[in-house]
Amino acid sequence: MAAPPRIPRGGEACSVNVEGREVRLTNLAKLFWPDLGVTKADLLQYYADVGGALVPHLTGRAMVMKRYPHGAAGDFFFMKRAPSPRPEWIRTCTIEHRSGNVIDFPIVVDLPSLLWLVNLGCIDLNPWYSRCDDTNRPDFLHFDLDPGPGAPFPRVLEVARILRETLTELRMPTFVKTSGSKGLHVYVPIRRTPLQKEVWTVAKALAFELAVRHPHVITAEYRVAKRPRGRVLVDYNQNAWGRTLASVYSIRPRPDATVSAPVSWQEVDAGVAIDDFHIGNVPARVREIGDLWAGLLEGERYDLSPLVDALKPVRKRKDPEA
DNA sequence: GGGTGTA
DNA sequence: TACACCCAACGCTTA
DNA sequence: TAAGCG
Ligand SMILES: [Mn+2]
Ligand SMILES: [Mn+2]
């Protein structure tokens, strides 16, 4: 792999040749984390450094932009439509919503398109779970583990281990990462057969099953006010159509520039912490151990169809007889 | 972050 | 020139 | 059908 490009640290703006594309980068000296002395150039350099591991996880997926043009502590706004003007080599994904709205989302396919997106003020990257060629059939089932008030991070680790046990019993491959914010994300690679809604149904059923079996540490309660204190929410609704999570290797707009970092289950057992992974140490970790989540894209994929079928209302279920 | 519209 | 303004919207829940 | 949720 080619060495990552060097991002100029000074000057207002510049044009950098990346993999044969001219990428215009702006406001390079602007402090995105004033307390850390971390600039927009540092943010771009980080993504250039981890791009080899990150880009495969984004490529071909519509991106929801969460833009922080005034830094991590500044106001942000969501944007779905790829802004114009833009380089002619930025690809888009056209998705029609049920309301009739048609949105042209940008797609990341390589390092130039990634850096173009980051330069817009995107601190974290938010890809769809499905690829653009079939936006209603996701590649993953996932579990968003959110600690509620009074739930310390080690309780999230505990819930993740419980979840892993359940998924392993079902023979599902599992991958875990810190969210970089408060919790953990567990992903299961699936064959691209069920619709997003069907994947959501499976996530919901498993979330409630877990909450019933481990009521002292897990909740799947929809209403905030009804969630018991000190529990970890299995936020199955994150599997709904059109929703996104911050990707692996995303820097989060948090005070310490923490990163959503892939971790091994051994590290979960040993006890990681959110602030173990940040803009300052993740590039070296990736150089040393590579992409712990490569198997999510390249490895075996689980066939969710039997589970989907089993959860259908009896009348609609495929009759196993005759 | 940056284009556009208004003063 | 110097500003204000805009920039998403879903599907799922319970009442 | 409306409002809460993320
Ligand atoms: Mn979360
Ligand atoms: Mn959540």
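What you see is a predicted model, and the numbers here were worked out from it, not measured in a lab. Every chain is numbered from 1 and lettered A, B, ... according to where its sequence line falls, protein lines coming before strand lines.
Contact annotation for Asp146(A): no contact, since no heavy-atom pair falls under 4.0 Å across all strands. Using a 4.0 Å heavy-atom cutoff across all strands shown, Val224(A) reaches sugar-phosphate atoms only and no base atom.
When every heavy atom of Ala220(A) is checked against every heavy atom of Ala211(A), the shortest pair comes out as N-CB, 4.0 Å. For Asp42(A) against Arg9(A), the heavy-atom pair with the smallest separation is OD1-NH1, 2.7 Å. Listed here is the closest heavy atom pair of Leu111(A) and Gly51(A): CD1-CA, 4.3 Å. For the residue pair Arg285(A) and Pro262(A), the shortest heavy atom distance occurs at NH2-O, 2.9 Å.
Atoms CG (Asp144(A)) and P (dG6(D)) sit 10 Å apart, rounded to a whole Å. Protein atom NZ of Lys66(A) is 16 Å distant from nucleotide atom P of dA8(C), rounded to whole Å. Taking atom CE of residue Met79(A) and atom C1' of nucleotide dC6(C), one finds them 8 Å apart after rounding to whole Å. One atom, CZ of Phe105(A), and another, P of dC7(C), lie 15 Å apart when rounded to the nearest Å. The distance from atom CZ of Phe78(A) to atom P of dC6(C) is 18 Å, rounded to the nearest whole Å. Note: CG (Leu145(A)) to P (dG6(D)) measures 15 Å, nearest angstrom. With rounding to whole Å, Asp75(A) atom CG is found 14 Å from dC6(C) atom P.
Separating the P atom of dC6(C) from that of dG6(D) is a span of 27 Å, rounded to the nearest Å. For the P atoms, the distance linking dA8(C) with dT4(B) amounts to 15 Å, nearest Å.
Salt bridge status for Arg192(A) with Asp133(A): present, with a side-chain N to carboxylate O gap under 4.0 Å. Salt bridge status for Lys66(A) with Asp124(A): absent, with no side-chain N to carboxylate O gap under 4.0 Å.
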Pairs under 3.5 Å (N/O, protein and nucleotides 2-4 of chain B):
{"from": "dG2(B)", "atom 1": "OP1", "to": "Thr26(A)", "atom 2": "OG1", "distance (Å)": "3.4"}
{"from": "dG2(B)", "atom 1": "OP2", "to": "Thr26(A)", "atom 2": "OG1", "distance (Å)": "3.2"}

Please list, for nucleotides 11-15 of chain C, all pairs of protein and nucleotide N/O atoms separated by less than 3.5 Å.
{"from": "dC12(C)", "atom 1": "OP2", "to": "Lys197(A)", "atom 2": "NZ", "distance (Å)": "3.3"}
{"from": "dT13(C)", "atom 1": "OP1", "to": "Lys204(A)", "atom 2": "NZ", "distance (Å)": "2.7"}
{"from": "dT13(C)", "atom 1": "O2", "to": "Tyr222(A)", "atom 2": "OH", "distance (Å)": "3.2"}
{"from": "dA15(C)", "atom 1": "OP1", "to": "Arg223(A)", "atom 2": "NH1", "distance (Å)": "3.2"}

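With Tyr187(A) as reference, Phe140(A) is the one residue of Tyr302(A), Tyr129(A), Phe140(A), Phe175(A) to meet the ring pair (Phe, Tyr, Trp, His ring centres under 6.0 Å) rule.
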May I have the step-by-step check of side-chain contact (heavy atoms from CB on, under 4.5 Å) for Val263(A) and Val268(A), ending in yes or no?
CA-CA 7 Å; Val263(A) 292; Val268(A) 170; 3.9 Å; yes
Derivation of the side-chain contact (heavy atoms from CB on, under 4.5 Å) call for His142(A) and Val188(A)
CA-CA 6 Å; His142(A) 69 79; Val188(A) 177; over 6 Å; no
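At dA8(C), one or more side-chain N or O atoms of Arg81(A) fall inside 4.0 Å of OP1 or OP2 (strictly under the cut-off). Dashed line: the shortest gap from a side-chain N or O of Lys30(A) to OP1 or OP2 of dG1(B) is under 4.0 Å.
Note that CG of Leu141(A) and OG1 of Thr174(A) are 11.0 Å apart. Values are rounded to the nearest 0.5 Å. Rounding to the nearest 0.5 angstrom, the gap separating the CZ atom in Arg24(A) from the CH2 atom in Trp116(A) is 14.5 Å.
Taking the six-membered ring where tryptophan is involved, the planes of Tyr236(A) and Phe208(A) are tilted, since the angle between them lies from 30° to 60°.
Of the residues in residues 227-235 of chain A, those lying under 4.0 Å from DNA chain D by heavy-atom distance are Arg227(A), Asp235(A).
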